[in-house]
Amino acid sequence: MVSLLDLKKQITGIKNTQKITKAMQLVAASKMQQFQKKALATRDYVTTLLNILSNNLESFSDCSYNVKTDSKKIMYILYSSDKGLCGSLNTKLFNTLTRSKKWQEAKEKELVVIGKKAFNLAKAKNIEVKKYFEAIPEKLDLDSILNVSDFIITSYLSGQYAEICIIAPHYVNSFTTYPVVKTLLPFSNEMVKDHVGHMEIEFAKKKADFTIFEPSQEEFIDSLFENLIKSLFIQDFLQLKAAEYSSRMIAMKNATDSASKIVDEKTLIMNKARQAAITQEIAELAGAKAAMEN
């Protein structure tokens, strides 16, 4: 039977752990609110840009970002966190990729991962990683954005890939996030539907027939697509961070609540053990007194 001293040490240790999980919960909640505002603000900008491009899709038929190649290879870009303690977020993202019909039916495919957890999961499943981006700072700087976006643009324009897809979480609120497989390139109506179809957003149909492009339409369209890819990368990154801290907040809250339950259970066991020890001492004293009187 566990001694009273061991029970006291166990309760003290659990309470100390509970303080840590509570602090982590509060930190995650604070950071979640910051990334939530940024993600939602970026989403409005991206959807507006997609609306403009979708209304003028016919004008981009000869664009280098819309030309179909002879290659059948597909690049998959998987977002994940660099740190753990965020529930099943990373596992869900990885399973969404590997269980998707497009991934299973693709004969030629390559995987690019952003985040340490996705890299470890791919390594554990013996899936080769083409490119690995680690430890992207939460305060996105220009170098980090260009490092990823230039790699995506250069890879597609080289003609090696028929399609580039992104797997990232879609942030709804603090308690609801779900992973989505989205086409990034080439640009098409299906690509637009991948990004906004699950949100049930209806675009306004308005074609700009009398738009004046400066310096030229080709340079303007190329610049617009580069801006779109960077914006989509930033949006998905911010949604990932919002989902990560949301999941971590919930996980730490569950850990704190579980610690409270364990403390209550241990306290009850300790009280019963203390009461049993007191009862035993009283019985021994009563027995000793009766023996002395006899």
Side-chain angles (χ1 to χ4, degrees), residues 20-43 46 75-100 103 111-125 127-141 143-149 151-152 164-182 184 195 198 230-256:
I20 296 173
T21 56
K22 182 65 176 178
M24 293 180 68
Q25 176 189 343
L26 296 176
V27 172
S30 176
K31 289 192 175 183
M32 179 203 67
Q33 292 178 351
Q34 298 176 15
F35 283 106
Q36 180 186 32
K37 294 178 181 178
K38 294 178 181 178
L40 295 178
T42 309
R43 184 183 300 171
V46 170
M75 176 191 288
Y76 293 89
I77 303 174
L78 176 61
Y79 282 80
S80 72
S81 66
D82 288 303
K83 300 178 182 179
L85 298 177
C86 53
S88 60
L89 172 66
N90 296 306
T91 304
K92 287 182 178 178
L93 287 168
F94 188 80
N95 290 339
T96 299
L97 167 65
T98 56
R99 295 174 183 176
S100 65
W103 169 269
L111 178 62
V112 175
V113 297
I114 300 175
K116 186 177 181 180
K117 293 301 177 180
F119 179 77
N120 292 337
L121 286 169
K123 187 176 180 181
K125 298 293 183 180
I127 299 176
E128 184 181 355
V129 176
K130 172 70 174 179
K131 182 76 174 177
Y132 172 36
F133 295 95
E134 182 185 7
I136 295 179
E138 293 183 353
K139 293 183 179 180
L140 278 175
D141 51 24
D143 292 337
S144 300
I145 297 172
L146 293 177
N147 190 25
V148 180
S149 62
F151 172 78
I152 296 172
I164 296 180
C165 298
I166 295 178
I167 302 89
H170 177 72
Y171 184 84
V172 180
N173 53 49
S174 304
F175 301 98
T176 305
T177 60
Y178 55 87
V180 182
V181 180
K182 301 175 285 187
L184 181 61
H195 285 272
H198 58 94
K230 294 175 184 177
S231 300
L232 288 173
F233 163 70
I234 295 172
Q235 181 201 20
D236 287 333
F237 181 81
L238 293 175
Q239 288 193 112
L240 169 67
K241 287 300 176 182
E244 175 186 346
Y245 283 111
S246 175
S247 300
R248 184 170 292 121
M249 178 191 68
I250 295 173
M252 292 301 101
K253 182 181 184 302
N254 293 335
T256 304

Taking C-beta and beyond as the side chain, do [X] and [Y] meet within less than 4.5 Å on heavy atoms?
X	Y	value
Ser174	Met32	yes
Val112	Val129	no
Tyr171	Lys241	no
His170	Thr177	no
Val113	Leu111	yes
Leu85	Met252	yes
Ile127	Phe94	yes
Ile77	Cys165	no

Euclidean distance, [Y] [atom2] relative to [X] [atom1], rounded to 0.5 Å:
X	Y	atom1	atom2	result
Lys38	Leu238	NZ	CG	7.0 Å
Thr96	Lys92	OG1	NZ	9.0 Å
Leu240	Ile167	CG	CD1	12.5 Å
Ser246	Asn173	OG	CG	7.5 Å
Ile136	Ser81	CD1	OG	12.0 Å
Leu184	Leu232	CG	CG	6.0 Å

- Message: Whether Lys131 engages the ring of Phe133 as a cation-pi pair (distance to the six-membered ring centre under 6.0 angstrom, angle to the ring normal within 45°) should be assessed.
- Response: yes
- Taking all non-hydrogen atoms of both residues into account, name the closest pair between Leu93 and Tyr79 and its distance. CD1-O, 3.3 Å
- Item | Closest contact, heavy atoms only, Cys86 versus Ser247 | O-CB, 3.1 Å
- Item | From CA spacing to verdict: side-chain contact (heavy atoms from CB on, under 4.5 Å), Gln34, Ser30 | CA-CA 7 Å; Gln34 298 176 15; Ser30 176; 3.9 Å; yes
- Message: Evaluate Lys130 against Tyr76 for side-chain contact (heavy atoms from CB on, under 4.5 Å), listing each step before the verdict.
- Response: CA-CA 10 Å; Lys130 172 70 174 179; Tyr76 293 89; over 6 Å; no
- Message: Lys31 and side-chain contact (heavy atoms from CB on, under 4.5 Å): which single residue from Met249, Glu138, Gln36 fits?
- Response: Glu138
- Given side-chain contact (heavy atoms from CB on, under 4.5 Å), test Leu89 with Glu244 step by step and report yes or no. CA-CA 7 Å; Leu89 172 66; Glu244 175 186 346; 4.0 Å; yes
Strictly distance-based, threshold 3.5 Å: is any side-chain N or O of [X] a donor or acceptor partner for the main-chain N or O of [Y]?
X	Y	result
Ser80	Ile114	yes
Arg248	Ala29	no
Thr176	Val172	no

- Query: Any side-chain donor paired with an acceptor under 3.5 Å for Arg43 and Gln239?
  - Reply: yes
- Message: Before you tell me yes or no, could you show the steps for Leu146 and Ser149 under side-chain contact (heavy atoms from CB on, under 4.5 Å), namely the whole-Å CA-CA distance, both residues' side-chain angles and the distance that decides it to 0.1 Å?
- Response: CA-CA 5 Å; Leu146 293 177; Ser149 62; 4.3 Å; yes
- Query: Lys116: what forms a side chain to side chain contact (heavy atoms under 4.5 Å, CB included) with it, not counting sequence neighbours?
  - Reply: Asp82, Asn120, Tyr132, Glu134
